Structure formats: structure tokens, C-alpha cells
Amino acid sequence: MLIGRVVGSVAASQKNAKLEATKLLLVQPLDLGGKDRGVTVLAIDSVDAGVGDRVLLVQDGRAAQQALGKGTAAVDAAILGVIDAVELS
């Protein structure tokens, strides 16, 4: 699981039938210091996140499918939560 920031959205007029009524967001993974880490990814939103939100991101296809409850839909990444705060000890 990763921390990321939603940086944009994607509109798709045609999708795989298992992904109908899902929101697609662009997420920039972050390191623990909040700096960009790696490349931006396209993720299915399961928690109604929005641009600017810090989110919990999973990039394992099987875990993303299970979290979304979409069966074997073609999913590589999913947003599982919106982060309110991060505290490092």
C-alpha cells in the first residue's frame, strides 16, 4: 500500500462493463516526506476521493480487484482511502 496525491481525473465514455459507474483518477505516489515518488498512475476510486486529496493506493492487481469487489476486472491500481493525517514517530 502506498501514499499518493490525486492530481487529476480521466473521463472515459466507454469502459469495460465491470468498470461501469467507476471514477478514474490520476494519482502521484509520494514518499513519507510528501515528495513525488515514481510515475503518476491511473487508479479506480472506491472512496470518492478528489483532486488534491492524499490517498491510500494499492498497485497490486489482485488486491485492487478484491478491494473494489469487481471480480476479475482489468484493474491494476485502486484508491482505498482518503488520508486525514500522517504521523511519523
Side-chain angles (χ1 to χ4, degrees):
M1 195 170 298
L2 302 169
I3 293 174
R5 182 180 60 258
V6 178
V7 295
S9 62
V10 174
S13 58
Q14 298 205 5
K15 299 179 192 174
N16 178 298
K18 290 187 178 181
L19 300 179
E20 291 290 328
T22 58
K23 186 166 58 167
L24 303 172
L25 295 175
L26 294 169
V27 180
Q28 173 61 58
L30 304 172
D31 65 17
L32 290 177
K35 296 183 194 267
D36 293 357
R37 174 184 164 201
V39 298
T40 303
V41 298
L42 179 65
I44 306 272
D45 178 30
S46 68
V47 295
D48 200 26
V51 174
D53 285 344
R54 280 186 307 166
V55 295
L56 294 174
L57 174 71
V58 64
Q59 282 191 277
D60 174 66
R62 181 95 170 130
Q65 289 171 359
Q66 289 177 337
L68 296 170
K70 298 288 185 182
T72 56
V75 177
D76 289 330
I79 297 170
L80 304 181
V82 176
I83 297 172
D84 295 319
V86 175
E87 183 179 324
L88 298 173
S89 309

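Worth knowing before you read on, the calculation uses all heavy atoms, side chains too, and leaves out hydrogens, waters and symmetry mates. Computed from a prediction, not measured in an experiment: that's the story for all the values here.
Between Leu32 and Ile3 the shortest heavy-atom distance is CD2-CD1, 4.2 Å. Shown here for Arg54 and Val86, the closest heavy-atom pair between the two residues is NH1-CG2, 3.5 Å. The shortest heavy-atom contact between Ala49 and Leu25 is O-CD1, 3.7 Å. Between Ala43 and Val27, the shortest heavy-atom contact is CB-CG2, 4.2 Å.
Considering only residues two or more places apart in sequence or on other chains, Thr40 meets the side-chain hydrogen bond (donor to acceptor under 3.5 Å, both in side chains) condition with Gln28. Scanning for side chain to side chain contact (heavy atoms under 4.5 Å, CB included) contacts around Leu56 gives Met1, Ile83, with sequence neighbours left out. By the side chain to side chain contact (heavy atoms under 4.5 Å, CB included) test, Val10 pairs with Leu24, Leu26, Leu42, sequence neighbours left out. Residues passing the side-chain hydrogen bond (donor to acceptor under 3.5 Å, both in side chains) test with Asp84, sequence neighbours excluded: none. With sequence neighbours left out, Arg5 forms a side-chain hydrogen bond (donor to acceptor under 3.5 Å, both in side chains) with Asp36. Residues meeting the side-chain hydrogen bond (donor to acceptor under 3.5 Å, both in side chains) test with Asp31, sequence neighbours left out: none.
Distance check: Leu2 CG to Ile79 CD1 gives 12.0 Å after rounding to the nearest 0.5 Å. A distance of 11.5 Å separates CD1 in Ile44 from CG in Leu57, rounded to the nearest 0.5 Å.
Here the side chains of Val51 and Asp53 are not in contact, with every heavy-atom distance at 4.5 Å or above.
A distance-only check finds no donor-acceptor pair linking the side chain of Lys23 to the backbone of Gly50 [under 3.5 Å].
Residues Val58 and Val39 do not share a hydrophobic cluster, defined by chaining ILVMFWY side chains whose heavy atoms lie under 4.5 Å apart.
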